[in-house]
Amino acid sequence: MAYLVSRLLLLGALVVAVAGLVPTPAAAATPVTVTVRTTPRLAGVRFVFDGRAAVTGADGAVRFTGGHDRAGHTLGVDDGGLSFADRRFSFARWAGQRDPDQAFRRTVGGLPLRRDYTVTAAFTARFRVTVRCVDQDGTAVPRERVPYVTVRADTGQTRRLPVERPVWLDGLLPVYRRSVLGSRVIVYSLQSAVAHGANTVDAGRQRFAPARVREAVFTTPFHDLTVSARDAVFGSAAGRAARVTLPDGSVRQVPFGADRTATLRGLPHGQYRVEVTGGRGLRADRLVRLSRTQTVRVRVVSRADLALAGGTVLLFAAGLLLAGRRLRTARGGRGGAG
């Protein structure tokens, strides 16, 4: 009897062991989910998993579920519908796709379905941006005054952008740090805004990010230069016009008004040569470093000044001559008396 019981127990143990090696139908049907997420978070991106298509929702993710197996599966992305009026997205790379050699392919293969996991799809983004310029008072600067600006991205790229004309700029780039795939915002700094041959801004101080703004507004200061001319000796008004040479070599001539001044408006900071013309005498000029609205007074040497100076020299010379004669006469008189 004891022998029969021991045999039955041994047979039961064998049955249990064999049952543990053979998967049950419930185990074979265990669902496994592959989550595909986008960076940046994008809705409406179409992914295809083993021929099954699905589109990301507002959370920028889509999920594919299948039975547990050891076969290799495929995942592909379609970014053809990601162009909008002010932004465009394009696929850049994967993370979590298992095979590192497939990181930059639009379709990857050999994906397992043994446990739940996440695959990340990163996209680059370009944005439609318009550049505008205003002066220090916030007044719009005409495009003909500043037609272009130069900007530099923090990636090192330099671009020359037209003012008041839309352009497409890179705004988001994928970054892979510490095994995490994400997106980085690109920031641009203003390097120059040239008007009349002079840069109106300090390089690097004004910045913008296309991913955050669609209109880049830059402050480009402009100043007024008022010129007056006075006689160097008598202090009376002199000349008829101010002739100003701008940093680019162009020349503006403005006649003096009733107040005996001439004002040039909307000049960038820089170095200017100011001349006074139309006077009866020598033309006077002066170099001016314009950094704010200012008034410049030019001293003019007129013919009257020259005549006065000449008369003074003659009188001085005559005085010397007369003094010399008196000195000689005095010496001669002392000599005769001896």
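Values reported hereafter were calculated over all heavy atoms of this structure, with side chains retained and with hydrogens, waters and symmetry mates removed.
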### Query
Hydrophobic cluster mates of Leu287, side-chain heavy atoms under 4.5 angstrom, ILVMFWY only, any path?
none
### Message
Return the NE2 to OG1 distance between His68 and Thr30, rounded to the nearest 0.5 Å.
### Response
7.5 Å
### Message
What I want to check is whether the side chains of Thr263 and Thr226 have a donor and an acceptor closer together than 3.5 Å.
### Response
yes
### Query
What's the shortest heavy-atom distance between Ala195 and Val146, and which atoms?
CB-CG2, 4.0 Å
### Task
Spell out, as yes or no, whether a donor-acceptor pair under 3.5 Å connects the side chain of Gln253 to the backbone of Ala242.
no
### Task
Decide whether Val77 and Tyr117 are clustered together by the hydrophobic rule: side chain heavy atoms of Ile, Leu, Val, Met, Phe, Trp, Tyr closer than 4.5 Å, transitively.
yes
### Summary
In terms of heavy-atom contacts, Pro210 and Val129 come closest through CB-CG2, 3.8 Å
### Task
Name all pairs fulfilling the salt bridge (Lys or Arg N to Asp or Glu O under 4.0 Å) condition that reach into residues 131-153, sequence neighbours left out, sorted by first residue then second.
Arg132-Glu215
### Query
Can a donor-acceptor pair be found between the side chains of Thr39 and Thr120 at a distance below 3.5 Å?
no
### Task
Flag yes if Val254 and Val298 sit in one hydrophobic cluster, no otherwise; membership is Ile, Leu, Val, Met, Phe, Trp, Tyr, and two members link when side-chain heavy atoms are under 4.5 Å apart.
yes
### Message
Going by side-chain hydrogen bond (donor to acceptor under 3.5 Å, both in side chains), name the residues that satisfy it together with Ser250, two or more places apart in sequence or in a different chain.
### Response
Asp248
### Query
Nearest 0.5 Å, what's the CZ-CZ distance between Arg265 and Arg252?
11.5 Å
When the side chains of residues 165-176 are checked against the rest of the protein, which donor-acceptor pairs come out under 3.5 Å, sequence neighbours left out?
residue: Asp170; atom: OD1; partner: Arg126; partner atom: NE; Å: 3.0

### Close side-chain approach of His223 to Leu267, heavy-atom, < 4.5 Å
no
### Query
Under the 4.5 Å side-chain heavy-atom rule for ILVMFWY, direct or indirect, which residues accompany Val180?
none
### Message
Is there a path of hydrophobic side-chain contacts, each under 4.5 Å between heavy atoms of I/L/V/M/F/W/Y residues, joining Leu181 to Leu42?
### Response
no
### Query
Is Val227 reachable from Phe222 through a run of hydrophobic residues whose side-chain heavy atoms are each under 4.5 Å from the next?
no
### Query
Heavy-atom count around Arg128 CZ within 6.0 Å, excluding the residue itself: above 12?
no
### Task
Could you check Arg184 against Asp154 for salt bridge (charged side-chain N to carboxylate O under 4.0 Å, His left out), going step by step and ending with a plain yes or no?
CA-CA 11 Å; Arg184 181 173 76 85; Asp154 56 12; 3.2 Å; yes
### Query
How far apart are the C-alpha atoms of Thr38 and Thr56, what are their side-chain angles, what is the distance that settles it, and do they pass the side-chain hydrogen bond (donor to acceptor under 3.5 Å, both in side chains) test?
CA-CA 8 Å; Thr38 62; Thr56 57; 5.4 Å; no
### Message
For the backbone of Arg243 and the side chain of Arg273, can you confirm whether one donor and one acceptor N or O come within less than 3.5 Å of each other?
### Response
no
### Message
Is it the case that the ring center of Phe49 lies less than 6.0 angstrom away from the ring center of Phe64?
### Response
yes
### Summary
Output for pair (Tyr188 OH, Ile186 CD1), nearest 0.5 Å, gives 5.0 Å
### Message
By the salt bridge (Lys or Arg N to Asp or Glu O under 4.0 Å) test, which pairs, at least two apart or in different chains, include something from residues 100-115?
### Response
Asp79-Arg106
### Query
Between Thr277 and Glu275, do the side chains contain an N or O donor and an N or O acceptor separated by less than 3.5 Å?
no
#### Entry: Main-chain N/O of Gly109 paired to Gln102 side chain as donor or acceptor, under 3.5 Å
yes
### Distance (rounded to the nearest 0.5 Å) between Phe104 CZ and Trp94 CH2
13.0 Å
### Task
For Arg41, look at atom CZ and say whether over 12 heavy atoms of other residues, nucleotides or ligands are found less than 6.0 Å away.
no
### Query
Under 4.5 Å between any side-chain heavy atoms of Val45 and Leu82, yes or no?
yes
### Query
Yes or no on side-chain hydrogen bond (donor to acceptor under 3.5 Å, both in side chains) for Ser228 and Thr261, after CA distance, side-chain angles and deciding distance?
CA-CA 5 Å; Ser228 66; Thr261 65; over 6 Å; no
### Summary
Value for CD (Gln136) from OG1 (Thr200), rounded to nearest 0.5 Å, stands at 10.0 Å
### Query
Rounded to the nearest 0.5 Å, what separation is found between the OG atom of Ser192 and the CZ atom of Phe218?
10.5 Å
### Query
In the single-linkage hydrophobic clustering (I, L, V, M, F, W, Y; side-chain heavy atoms under 4.5 Å), do Val131 and Val187 co-cluster?
no
